[in-house]
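Working notes, beginning with the structure itself.
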Amino acid sequence: MLTVCLVAMLRLPAKQVEVAGTREITYWIDPNAADLDTLCLLPRIGRGIAQRIITDRDANGPFRSAADMARVPM
C-alpha cells in the first residue's frame, strides 16, 4: 500500500538507490502534477497504475487526501 504524506500538498515518497554506490536518495512526488514516467518511479507503481492515477485525477480533480488516492483501482 502507498504511504501518503500530507504536508502542504499530497506527496508520495519514492526512493532511488545507486547500484554500485552506498547512497540512497529519497524524494517526493506530487501525484497531482506528476507525469506518467514520474509516477512510475514510485515503488510498486507500473505504467498501468500510473495511467489510472492520471485518468482519475483528470476525471475527478486533484487528490486532497489518502482517501482520494484509494479511489484509484490498484
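For clarity, every value in this text was computed on a predicted model and none was experimentally measured.
One finds the CG atom of Asp56 at 11.0 Å from the CD1 atom of Ile54 (value rounded to the nearest 0.5 Å).
What you find for Pro31 and Ile53 is that their closest heavy atoms are O-CG2, 4.3 Å.
Contacts of Asp35 classified as salt bridge (charged side-chain N to carboxylate O under 4.0 Å, His left out), with partners at least two apart in sequence or in another chain: none. Every residue two or more places apart in sequence or in another chain that forms a side-chain hydrogen bond (donor to acceptor under 3.5 Å, both in side chains) with Asp37 is listed here: Arg47. Checked against side chain to side chain contact (heavy atoms under 4.5 Å, CB included), Ala50 has the following partners two or more places apart in sequence or in another chain: Leu36, Leu39, Cys40, Ile45. By the side chain to side chain contact (heavy atoms under 4.5 Å, CB included) test, Arg52 is found to be paired with Ile49, Val72, Pro73, residues two or more places apart in sequence or in another chain being considered.
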